[in-house]
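Nothing here was measured: the structure is a model prediction, and the numbers come from that model. For ligands, and for the atoms within them, numbers begin at 1 and follow the listed sequence.
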Amino acid sequence: MTILVTGGAGYIGSHTALALLEAGYSVVVLDNLANASRESLARVEALAERTLTFVEGDIRDRGVLDRLLNEHEFSAVIHFAGLKAVGESVSQPLGYYENNVSGTVTLCQAMQAAGVFKLVFSSSATVYGDEHPMPLHEGLPTGKPTNPYGRSKLMVEEVLQDLAHSDTRWSIARLRYFNPVGAHESGQIGEDPQGIPNNLLPYVAQVAVGRRDCLAVYGSDYATPDGTGVRDYIHVMDLAEGHLCALNTLLNNKNDCYTWNLGTGQGYSVLEVIDAFERASGVTIPYRIESRRPGDVATCWSDPTLAERELVWKAKRDLTTMMVDTWRWQQRNPQGYR
Ligand code: NAD
Ligand code: UD1
């Protein structure tokens, strides 16, 4: 079976492409390399000891999509391609709506024209907004995301729901990721943000390897046990395996628009993450407390029981493994893929 993976050269896409190859699928990656390098896929091929097909192109380009969808007999599409920097989405909202919303609409139009009706979509816990008590379960109404990035994810979720209702041939999985971290255990592929990292773990790892001086901890006055923000960190390989389970479910079940949380169900504070990283790496992370980052919530963690039951999937890797694997990747690749 052949799977089209949009955005497959990126962080989560490359780990999922590896899991797909190892499970015996053929993989075609479409990526415009806006936030990735071709090197990630060279390493995926080396690890899998199998080749994949890479096409440099854009999901907004209907011509490229039509050609690809005609050339290959795809069983499904896993759709990672999109922009994800929250701050940038505030200053460039049109770019985010064009890439994330219009790009997905164009992809779905091309899939429909080619008769491919199975789609796995990368959504985010951000669609819950900040009005619910923890843990977050799929039965809760979606909330009001605080930025254009989050709104673009919510808009796409709604587009996909309408699509599945409009035509019973569609089977769609909307996967709400919590906080993906870590790297493949080989240390060969991992997260390689361009510029100053926005997210906690890449920043910590770059401090540890000497690329940054000091971590800013955004807020120590939240209503949490130690005052710092609490999140549900999930190992990227657990996430990748969750995609294979979702794919399997789509391939074997009737038409529907499914929503599954992919998280561990366990929250950790910023200070707990720093401590776990220090223990895993043996490196001290200098940090200073700063004021809260606009748009941050105090706590965010999942109820993962629906995915456990319906996908027969459960995140297996603990916080220590997430830190060990992050550090192995960063230590072996201090400048990422460059
Ligand atoms: P990433 O930036 O590493 O990967 C996205 C990939 O899409 C990149 O390789 C980029 O070059 C490509 N891309 C962007 N726009 C494109 C376009 N128009 N056409 C073709 N390719 C394009 O990000 P990631 O962390 O791997 O995230 C993958 C998906 O998961 C994204 O949709 C993201 O919004 C979503 N997500 C990520 C997180 C997270 O914390 N990493 C959390 C929730 C949801
Ligand atoms: C952020 C985005 C979310 C997106 C996710 C993955 C916001 C408000 N939310 O989630 O929409 O889906 O990234 O891209 O930006 N922290 C520090 N110092 C840092 C970085 C982070 O203290 O340098 C803290 C944050 O305040 C938070 C925790 O670490 O408490 C995790 O932050 P981060 O990794 O950015 O993820 P989220 O904010 O959960």
Taking N199 for its side chain and L201 for its backbone only, find out whether a donor-acceptor pair lies under 3.5 Å.
no

What residue among W313, Y177, F121, Y25 forms ring pair (Phe, Tyr, Trp, His ring centres under 6.0 Å) with H243?
Y177

Do S122 and H79 pair up side chain to side chain, a donor and an acceptor below 3.5 Å, judged on atom types alone?
no

Pick from N179, V181, V297: the one approaching atom 37 (P) of ligand 2 most closely through a non-hydrogen atom
N179

How far is atom 13 (N) of ligand 1 from its nearest protein heavy atom, and which residue and atom name does that atom have?
N32 OD1, 3.4 Å

Looking at S122, which atoms of ligand 1 are within less than 4.0 Å of one of its heavy atoms?
29 (C), 30 (O), 32 (O), 35 (C)

Find all atoms of ligand 1 within a distance of less than 4.0 Å from any non-hydrogen atom belonging to S124, and give their numbers and elements.
43 (C), 44 (C)

Identity and distance of the protein heavy atom lying nearest atom 7 (C) of ligand 2
V86 CG2, 3.8 Å

Between Y149 and ligand 2, which residue portion shows a heavy-atom distance shorter than 4.0 Å: side chain, backbone, both, or neither?
side chain

Counting non-hydrogen protein atoms only, what is the nearest one to atom 12 (O) of ligand 2? Give residue, atom name and distance.
S124 OG, 3.4 Å

Evaluate E39 against R43 for salt bridge (charged side-chain N to carboxylate O under 4.0 Å, His left out), listing each step before the verdict.
CA-CA 6 Å; E39 176 63 17; R43 296 193 188 182; 2.8 Å; yes

Any idea which protein heavy atom is nearest atom 19 (C) of ligand 2, and the distance to it?
Y218 CE1, 3.3 Å

Going by the atom numbers of ligand 1, which of them fall below 4.0 Å from some non-hydrogen atom of S123?
43 (C), 44 (C)

Using a heavy-atom cut-off of under 4.0 Å, does the side chain or the backbone of N198 touch ligand 2, or both, or neither?
backbone

Do the ring planes of Y96 and Y149 sit parallel (below 30°), tilted (30 to 60°) or perpendicular (above 60°)?
perpendicular

Are the side chain of R328 and the backbone of E185 linked by a donor-acceptor contact shorter than 3.5 Å?
yes

Measuring from the heavy atoms of G57, does anything fall under 4.0 Å of ligand 1?
yes

Should the pair D221-R292 be classified as a salt bridge under the 4.0 Å nitrogen-to-oxygen rule?
yes

E191 to ligand 1, any heavy atom closer than 4.0 Å
no

T259 and its side-chain hydrogen bond (donor to acceptor under 3.5 Å, both in side chains) partner, picked from R174, E157, Q161:
R174

of all protein heavy atoms, closest to atom 1 (C) of ligand 2 is N199 ND2, 3.7 Å

Which protein heavy atom lies closest to atom 24 (C) of ligand 2, and at what distance to 0.1 Å?
V270 CG2, 3.7 Å

Side chains of T168 and N255: do they bring a donor and an acceptor to under 3.5 Å?
no

Which residue holds the protein heavy atom closest to atom 10 (C) of ligand 1, what is that atom called, and what is the gap in Å?
D31 OD1, 3.5 Å

Donor-acceptor contact present, side-chain D232 to main-chain F178, <3.5 Å:
no

So for ligand 1, is Y177 a polar contact partner (N or O within less than 3.5 Å, distance only)?
no

Sub-4.0 Å heavy-atom contact, T6 with ligand 1:
no

Before signing off on this row, confirm whether L83 and ligand 1 have an N or O atom pair separated by under 3.5 Å.
no

Could you name the option among G95, G82, S152 that has the heavy atom nearest to atom 5 (C) of ligand 1?
G82

Any heavy atom of P180 sitting closer than 4.0 Å to ligand 1?
yes

Top protein contact for atom 18 (N) of ligand 2, by heavy-atom distance
A216 O, 2.7 Å

So if I count the atoms of ligand 2 from 1 in the order they appear, which ones are less than 4.0 Å from some heavy atom of V217?
22 (O)

Going through the distances and angles, do E98 and R60 end up as a salt bridge (charged side-chain N to carboxylate O under 4.0 Å, His left out)?
CA-CA 8 Å; E98 192 198 332; R60 292 165 293 175; 3.1 Å; yes

Could you check whether D325 pairs with R317 (Lys NZ or Arg NE/NH1/NH2 to Asp/Glu carboxylate O, under 4.0 Å)?
no

Answer with yes or no whether the side chains of Y128 and N261 bring together a donor and an acceptor at under 3.5 Å.
yes

Report the nearest protein non-hydrogen atom to atom 2 (O) of ligand 1: residue, atom name, distance rounded to 0.1 Å.
N35 ND2, 2.6 Å

Do D226 and T228 have a side chain donor and acceptor closer than 3.5 Å?
yes

Of the listed options K153, R292, R293, R212, closest to atom 38 (O) of ligand 2 (non-hydrogen atoms)
R293

Near N99, which atoms of ligand 1 are under 4.0 Å from a heavy atom of that residue?
15 (N), 16 (C), 17 (C), 18 (N)

Determine the interplanar angle of the F117 and W170 rings, folded into 0 to 90°, and report it as parallel if under 30°, tilted if 30 to 60°, perpendicular if over 60°.
perpendicular

Nitrogen or oxygen of I59 less than 3.5 angstrom from that of ligand 1:
yes

Could you identify the single nearest non-hydrogen protein atom to atom 25 (C) of ligand 2 and state the distance to 0.1 Å?
D296 OD2, 3.4 Å

Per-residue contact class, L200 against ligand 2 - non-hydrogen pairs under 4.0 Å:
both

Geometric N/O contact A81 with ligand 1, under 3.5 angstrom:
no

Centroid-centroid distance, W329 to Y11, less than 6.0 Å
no

Closest to atom 31 (C) of ligand 2 among protein heavy atoms sits Y233 OH, 3.4 Å

Any nitrogen or oxygen of L30 lying under 3.5 Å from a nitrogen or oxygen in ligand 1? Just yes or no.
no

Going by distance alone, is a donor N or O of one side chain under 3.5 Å from an acceptor N or O of the other, for T2 and H72?
no

Taking only non-hydrogen atoms of F178, do any sit less than 4.0 angstrom from ligand 2?
no

